[in-house]
Undergrad: 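Take this structure first; my questions come after.
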Amino acid sequence: LSSGRVNLTALREAGRRELREFLDKCAGSKAIVWDEYLTGPFGLIAQYSLLKEHEVEKMFTLKPGRLPQADVKNIIFFVRPKLELMDIITDNVLREDRGRSPQRDFHILFVPRRSLLCEQWLKEQGVLGSFIHREQYSLDLIPFDGDLLSMESESAFKECYLESDQTSLYHAAKGLMTLQALYGTIPQIFGKGECARHVANMMIRMKREFPGSQNSIFPIFDTLLLLDRNVDLLTPLATQLTYEGLIDEIYGIQNTYVKLPPEKFAPKKQGEGGKDLPTEPKKLQLNSAEELYAEIRDKNFNAVGSVLSKKAKIISAAFEERHHAKTVGEIKQFVSQLPHMQAARSSLANHTSIAELIKDITTSEDFFDNLTVEQEFMSGIDTDKVNNYIEDCIAQKHPLIKILRLICLQSVCNSGLKQKVLDHYKREILQTYGYEHILTLNNLEKAGLLKPQTSSRNNYPTIRKTLRLWMDDVNEQNPNDISYVYSGYAPLSVRLAQLLARPGWRSIEEVLKMLPGPHFEERQQLPTGLQKKRQHGENRVTLVFFLGGVTYAEIAALRFLSQMEDGGTEYVIATTKLINGTSWIKSLMEKLEPAPF
Amino acid sequence: MSRARADEEEYWHSSKFRAFTFDDEDDELSQLKESKRAVNSLRDIVDDDDDDLERVSWSGEPVGSISWSIKETASSSTSSLEGRDSSLQKGSSSYAAFPKQVSSYSLSSLFKGELCLSLSALSDTGVKNYAPELRRPKADYKDYSSDWSPKDTVRRMQRGKVCSLERFRSLQDKLVLLDEAVAGHDGNVITAVMLTYFTHLKISLCPVEILFRELEVRQVALCHLIHFLKETGEQKLLLDLLRLCFFSLSFQLSQYREHLNIQDVEKRREFLKGCIGLPFSAEDTSHIQDHYTLLERQIIIEANDRHLEMAGQSEIFRKYPRKASILNMPLVTTLFYSCFYHYTEAEGTFSSPINLKKTFKIPDKQYVLTALAARAKLRAWDDVDALFTTKNWLGYTKKKAPIGFHRVVEILQRNSAPVQVLQEYVRLVEDVETRLNLATKYKCHDVVIETYRDLKDRIQLTAYKCKVERGSAEEEKINSILNNMVRNSY
């Protein structure tokens with residue numbers, strides 16, 4: 001975490017401090033009952049050892065029924081403010097044996113905020129009085145990596161665009177206030193989109209209302225760029241082609257962890273050969289603390305193989321050196337390097353296995369066909385008629401999400417589909433997958449992902465050309481442009497960030513007007529003593545906040561810009577949720593009851 | 001480098017230092033080194049497996065992470081009881097709720113209200129918590145005055161502070177407060193205001209019509225209320241509201257969505273019938289009408305077929321027992337089912353495929369694909385043949401496939417059709433290259449040979465000889481063609 005330009009350990013430490021304060025309030029031994037969804041994000045803030053130091057002896061997952069026996073003084077519920085969870089807690093509390101002695105005390109910690117609604121609900125059930133402490137833990141922005149923060153708020157996009165519930169924006173603004181408290185007031189704010197406008201307004205208002213928050217910390221961030229996801233609906237729909245992006249597309253990365261099929265990770269030691277192959281999925285943590293992963297995560301997958309083989313040669317050469325070690329001193333030096341080498345070897349082994357797994361998929365015919373269609377759409381070919389491949393996929397009952405991703409992509413690349421084309425797709429989907437999906441289709445329309453063409457004018461080609469979204473001569477091995485992350489398509493969102501840094505948005509006014517929502521600029525006054533005098537050659541630091549989610553490929557593209565020699569800007573990325581096309585569309589689908597058989 | 005970083009991580013994970021020394025870099029560094037040494041020596045004792053830097057259980061969870069520990073502590077949960085006094089805890093709750101004064105800054109002191117009491121807590125414990133006042137900054141004294149503007153009230157609520165909503169008595173005042181809450185974008189507060197004034201959890205405090213009239217112009221608030229009612233399962237008020245919301249499509253869909261919660265098919269059918277009358281857009285209406293008709297049809301077919309299956313009279317059901325009921329399946333699945341079990345039925349019966357095709361206006365392509373898959377599965381090759389045979393008015397027959405014969409071949413192949421059947425359709429693939437590819441892939445030797453013959457491609461034909469069995473009829477055929485070609489070319 002401390003490796004980046006901005007030291008995010010400070011943020012994590014602030015989070016830990018708050019957690020410790022709460023735990024110390026409940027004196028005596030404790031057991032924590034976890035809303036399972038929260039364990040992932042909390043794991044990025046604190047380890048069990050920290051909880052243990054504060055007398056947390058047992059931990060359980062929240063489920064209905066009687067709480068497990070545990071000889072502790074306090075039972076603390078760590079939950080999101082959701083009514084269905086309140087019902088479970090109520091059940092837990094009501095079933096608690098009143099006669100037991102000693103009695104256990106109940107507390108509740110809402111993450112990220114207390115909710116009047118939930119407390120009212122508990123009150124209706126007659127259990128509110130059972131809780132001694134009811135508090136909130138504002139887990140707004142969680143540090144994921146040296147340059148990455150996420151709120152892990154799964155439904156933020158859906159809430160903002162489908163349910164007009166902007167609570168997540170309020171949390172985003174609060175998270176930004178926290179950041180400013182730690183890293184100084186951000187002097188410049190740029191934004192594009194309705195939600196961006198709201199967040200900026202809230203930030204400015206919060207600052208006005210808390211004059212005390214006027215801090216005297218030297219600002220680390222120069223600029224904040226707020227971007228609505230709906231300004232760029234296209235990017236998440238396309239298949240990411242970076243190493244990390246593909247891992248996420250295929251296996252899904254949750255809170256920096258990925259679960260992989262175990263076959264390729266059989267124990268390598270001789271002694272364990274007798275055991276059966278593991279059947280549980282292999283879980284790995286992925287972040288830049290791992291040297292090799294930091295190097296390959298953002299590369300186009302086609303460039304990963306050569307790096308891996310180069311590494312393999314270096315490592316085996318390093319191991320060979322033991323034969324040349326003659327003197328005791330040399331041997332000692334070799335031995336001292338051994339742990340590092342072994343770590344490098346096991347990391348290499350893991351990533352070689354992952355790369356093999358991915359390669360099996362990327363070389364399949366269907367992956368290729370799918371990618372071809374995506375790239376045709378993005379480069380503007382045949383976006384206005386019914387696509388054969390999509391029809392075939394429907395006929396063969398491919399997963400619905402895949403179909404929806406493609407159709408939405410086509411719609412976005414054509415500024416809406418012709419009514420006839422749209423009706424045809426809709427009909428095919430409803431007949432093949434069931435009429436109840438009319439609800440999902442309606443959600444997608446509401447979010448603007450799927451729509452009929454209203455005006456005869458298709459803006460996408462203009463946007464594509466002005467922002468140079470499609471690059472024919474893409475270099476995957478040694479990229480010279482961000483378009484390498486999608487092998488040709490340059491993510492619109494990142495292009496906006498790039499153009500903002502140089503030459504500025506004034507050069508693309510026309511295109512900005514075609515994209516939804518207002519664009520704006522705000523300045524926050526700094527006390528004279530804190531104004532930055534820039535050293536010559538020193539890079540600016542920009543925080544890009546994606547409201548509604550960001551993909552790993554977009555992150556890779558921003559990291560690429562940070563590393564450009566003459567770039568002049570380094571980026572830190574924040575978001576409401578790390579997404580990919582599949583998880584994003586899934587969040588917009590109606591949760592259908594499972595079939596009754 | 002990664003080693004150092006990993007160690008540093010380790011330091012953070014195992015840190016016992018409470019105070020975060022912010023500006024004192026050197027001190028932190030020396031502590032880090034010291035702790036690193038300690039941690040490392042500790043590890044030597046605890047950990048004898050030095051293969052990985054971090055201890056990781058097989059499932060990959062680093063040992064000591066939260067989700068790992070949950071499993072651990074849960075499984076070792078003890079059940080001993082021990083006397084411990086806790087009588088003091090109850091009753092002193094409101095005092096215990098005040099956070100300690102924080103020495104250096106923390107997130108909580110920045111944004112969270114120091115006094116974390118909400119509306120509901122207010123009514124629980126009363127407003128009489130004056131004692132901690134002394135410790136709070138002066139600006140907060142007016143917490144307990146009662147003349148905040150609606151704006152201030154909303155701000156205070158956002159920060160989780162005590163505030164009295166009782167002073168906003170007139171509807172006008174309440175609406176101003178609601179508008180403020182909406183402007184604050186905090187769903188928590190919006191819902192709280194709504195609940196306090198307009199509805200109670202169980203009953204509507206004000207007539208639905210008035211409530212609705214005011215909310216109609218406050219869409220955001222309305223959405224929040226509907227969302228809340230949905231979540232709490234407050235059906236009556238929800239449906240009352242929805243009935244008044246006819247102007248908007250999404251609300252009708254909410255109503256339609258309700259059918260998913262109805263398990264009983266008859267009731268579900270009735271419900272869907274009711275939905276048809278809702279003012280949807282033209283296409284949506286037709287889809288919902290279709291949904292209803294389909295379910296109605298499925299109920300009839302299901303009853304009929306279950307009876308047939310139980311009776312054991314029908315051969316097809318004996319040979320291929322049904323895996324699941326057809327109820328609530330998509331249309332195409334239903335069509336497949338009917339092509340499988342009811343293919344030969346007359347158009348007049350509800351379960352016949354032709355009837356389904358006409359009723360739901362299923363496109364030719366879709367129909368042929370489904371029928372083909374179903375008949376191929378039953379290995380009814382004659383039916384497959386009939387599917388593509390058309391007669392013109394002179395009585396000549398012709399083969400035609402709306403989906404392209406390459407697709408036909410793929411589907412047949414997937415259902416493991418014999419080569420004789422397969423090659424008949426491979427031969428019909430128009431594009432020469434595709435035809436050759438398919439024929440080679442599925443070993444339809446005759447088609448390959450004939451195609452090369454027509455192309456007069458000697459080289460390929462000779463090359464293909466090694467792909468057929470030695471001494472087989474195919475080899476002979478190749479040889480004779482090659483001989484003929486030689487003769488003709490001279």
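Below, chains carry the letters A, B, ... as their sequence lines are ordered, and counting in each starts from 1. Just the heavy atoms: all of them, side chains too, but no hydrogens, waters or symmetry mates, feed the values below.
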Undergrad: I need the minimum non-hydrogen distance between B:Asp290 and B:Phe360, along with the two atoms involved.
TA: O-CE2, 3.5 Å
Undergrad: Go through the atoms of A:Glu36 and report whether side chain, backbone, both or neither lie under 4.5 Å from a heavy atom of chain B.
TA: neither
Undergrad: Of the backbone (N, CA, C, O) and the side chain (C-beta and beyond), which part of B:Ile403 lies under 4.5 Å from a heavy atom of chain A, both, or neither?
TA: neither
Undergrad: Please determine whether a side-chain nitrogen of the Lys or Arg among A:Glu13 and A:Arg20 lies less than 4.0 Å from a carboxylate oxygen of the Asp or Glu.
TA: yes
Undergrad: Side chain, backbone, both or neither: which part of B:Lys323 has a non-hydrogen atom closer than 4.5 Å to chain A?
TA: neither
Undergrad: Does any heavy atom of chain B fall under 4.5 Å from the side chain of A:Asp392, the backbone, both, or neither of them?
TA: both
Undergrad: Can you say whether A:Glu445 sits under 4.5 Å from chain B via the side chain, the backbone, both, or neither, judging by heavy atoms?
TA: neither
Undergrad: Tell me every residue that passes ring-ring contact (aromatic ring centres under 6.0 Å, His included) with A:Tyr293, counting only those two or more places apart in sequence or in another chain.
TA: A:His351
Undergrad: Given a strict heavy-atom distance threshold of 4.5 Å, which part of A:Arg427 is in contact with chain B: side chain, backbone, both, or neither?
TA: both
Undergrad: By a 4.5 Å heavy-atom criterion (distance strictly below it), what part of B:Phe336 contacts chain A: side chain, backbone, both, or neither?
TA: neither
Undergrad: Checking side-chain polar atoms at under 3.5 Å, does A:Thr167 have a donor or acceptor matched by the opposite partner on A:Asp165?
TA: yes
Undergrad: Could you check whether the rings of B:Tyr256 and B:His259 sit parallel, tilted or perpendicular, using 30° and 60° as the cut-offs?
TA: tilted
Undergrad: Classify the angle between the aromatic ring planes of A:His133 and A:Phe22 as parallel (below 30°), tilted (30 to 60°) or perpendicular (above 60°).
TA: perpendicular
Undergrad: When heavy-atom pairs shorter than 4.5 Å are enumerated against chain B, which of A:Lys426, A:Lys397, A:Gln166 gives the highest number?
TA: A:Gln166
Undergrad: For each of B:Lys365, B:Glu283, B:Gln366, B:His291, tally heavy-atom pairs with chain A at distances under 4.5 Å, and name the one with the top tally.
TA: B:His291
Undergrad: Contact between A:Leu439 and B:Leu260 at the side-chain level, heavy atoms closer than 4.5 Å - yes or no?
TA: yes
Undergrad: Is chain B contacted by the side chain of A:Lys259, its backbone, both, or neither, given a heavy-atom distance below 4.5 Å?
TA: neither
Undergrad: Where does A:Glu391 contact chain B at under 4.5 Å (heavy atoms): side chain, backbone, both or neither?
TA: side chain
Undergrad: Looking only at atom types and distance, does a side-chain atom of A:Ser347 sit under 3.5 Å from a main-chain N or O of A:Ala343, one as donor and one as acceptor?
TA: no
